[in-house]
Amino acid sequence: MQIAYTVKEVREQVKAWRKEGLSVGLVPTMGYLHEGHASLIKKAVEDNDRVVTSIFVNPTQFAPTEDLEAYPRDMEKDSKLCETLGVDLIFHPEPEEMYAPDFCTWVDMDVLSKTLCGKSRPIHFRGVCTVVSKLFHIVTPDRAYFGQKDAQQLAIIRRMVRDLNMDIEIVGCPIVREEDGLAKSSRNTYLNEEERKAALILSQSIFLGQKMVQEGETDAAKIKAAMVEKIQSEPLARIDYVEIVDGLSMQPVDTVQSPTLAAIAVYIGKTRLIDNFIV
Ligand code: PAF
């Protein structure tokens, strides 16, 4: 497995693979890899001749008040995991390699990025779209892999690829959960013992909403109210949002029908966690 730190190194390697007629999959990550990332990498290894994983904590998707500096990093552990899983190349650039000092070109999106996480994180998806576009230009993958846990991000990237005619297949992979239900996230590491227990309220409210849908409930307001009530029963939890939206447009719906997305963001102490289910 190769570790590349520069755009030039990645381009040279991908060019060599292309000459051999090999397909390339990309798994973009911010590192501190967990089983959720591992499931994306495994799928990419299955689908492609060569796999690139990027490990880059992208500064432009964090607001100044957010956790850019504190975001967990462990390159040694990540490299070992990538090697075990069959990654061919890790792209691990410094921020200066990705952003020139006078960088000023952005990929931004209307509508889809203004709801849900976009409300409390107004610059987040501009940073995500920009860095993902850059990675797509650098790696030129046939396929790119993203987790369903970041459902809005996945919908936004699909839309960006469609709107900008990028010739890349976007593969969404299911949420991976801890045994007790908590969705895997690099940010789970911020939780102390008491908060880790309290964080279960997210998956419990997701499972409750899912059960209501399975039992035939289609009234979005009723499902939302039940999920809100469940989360509010946990004293350490503070709701950012609980929304039931159309899975493509991210706009609120009254009636649950496919594809509907029920998405939540909840603070447990200072840690903001997200979870969702899709109908
Ligand atoms: O989901 C993430 O880890 C990040 O948002 C991504 C897609 C790697 C872009 O920085």
Side-chain angles (χ1 to χ4, degrees), residues 4 7 10 25-41 43-44 51-63 66-75 77-78 81-82 85 87 89-99 103 106-109 112-113 116-118 120-139 141 143-161 164 166 168-176 183-190 250 263 265 271-276:
V7 172
V10 178
L26 169 67
V27 183
T29 81
M30 297 207 300
Y32 213 71
L33 305 178
H34 51 67
E35 284 157 50
H37 298 110
S39 75
L40 306 181
I41 295 174
K43 178 85 178 98
V51 170
V52 177
T53 298
S54 59
I55 296 181
F56 178 59
V57 184
N58 173 38
T60 64
Q61 66 190 72
F62 290 79
E66 291 180 342
D67 56 342
L68 173 63
E69 293 308 323
Y71 197 84
R73 292 155 168 93
D74 191 340
M75 190 52 193
K77 192 159 158 266
D78 289 351
L81 180 66
C82 285
L85 293 172
V87 168
L89 185 148
I90 294 178
F91 178 39
H92 182 49
E94 289 295 325
E96 301 74 43
E97 178 68 10
M98 293 296 275
Y99 295 105
F103 181 90
W106 298 97
V107 181
D108 205 354
M109 186 174 292
L112 264 71
S113 66
L116 308 178
C117 291
S120 54
R121 306 187 73 191
I123 63 153
H124 177 67
F125 290 115
R126 182 185 74 159
V128 170
C129 286
T130 302
V131 81
V132 170
S133 302
K134 285 167 72 66
L135 291 168
F136 285 177
H137 286 301
I138 295 164
V139 180
R143 299 176 194 85
Y145 297 78
F146 296 88
Q148 180 62 44
K149 193 186 81 94
D150 296 294
Q152 186 178 15
Q153 170 172 280
L154 178 57
I156 285 175
I157 287 165
R158 284 192 198 286
R159 182 66 67 90
M160 176 182 81
V161 164
L164 299 184
M166 295 173 165
I168 297 169
E169 183 189 339
I170 301 302
V171 183
C173 298
I175 296 177
V176 179
K184 300 253 182 196
S185 164
S186 306
R187 289 190 168 97
N188 291 348
T189 183
Y190 296 153
M250 302 289 122
T271 306
R272 184 177 175 281
L273 299 174
I274 57 173
D275 203 341
N276 69 78

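One-based numbering, in listed order, for ligands and for the atoms of each. We're numbering straight along the sequence, starting at 1.
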| Can an N or O of Q153 be found at a distance shorter than 3.5 Å from an N or O of ligand 1? | yes

closest protein heavy atom to atom 9 (C) of ligand 1 is Q61 OE1, 3.3 Å

Counting from 1 in the order shown, the ligand 1 atoms closer than 4.0 Å to a non-hydrogen atom of T29 are 8 (C)

In ligand 1, the atoms that come under 4.0 Å of a heavy atom of V131 are 9 (C), 10 (O)

Got L112 and Q152 here, is their nearest side-chain heavy-atom distance under 4.5 Å? no

Can you confirm whether E169 is buried at CD, in the sense that more than 12 heavy atoms of other residues, nucleotides or ligands lie under 6.0 Å from that atom? yes

* To do: Indicate whether any N or O donor in one side chain lies under 3.5 Å from an N or O acceptor in the other, for N58 and Y71.
  => no

Please verify the inter-ring angle class for W106 with F103; under 30° counts as parallel, over 60° as perpendicular, anything in between as tilted. perpendicular

**Asked** Do N188 side-chain atoms and L273 backbone N/O form a donor-acceptor pair below 3.5 Å?
**Response** no

Ranked by distance from atom 3 (O) of ligand 1, the top protein heavy atom is M30 CG, 3.6 Å

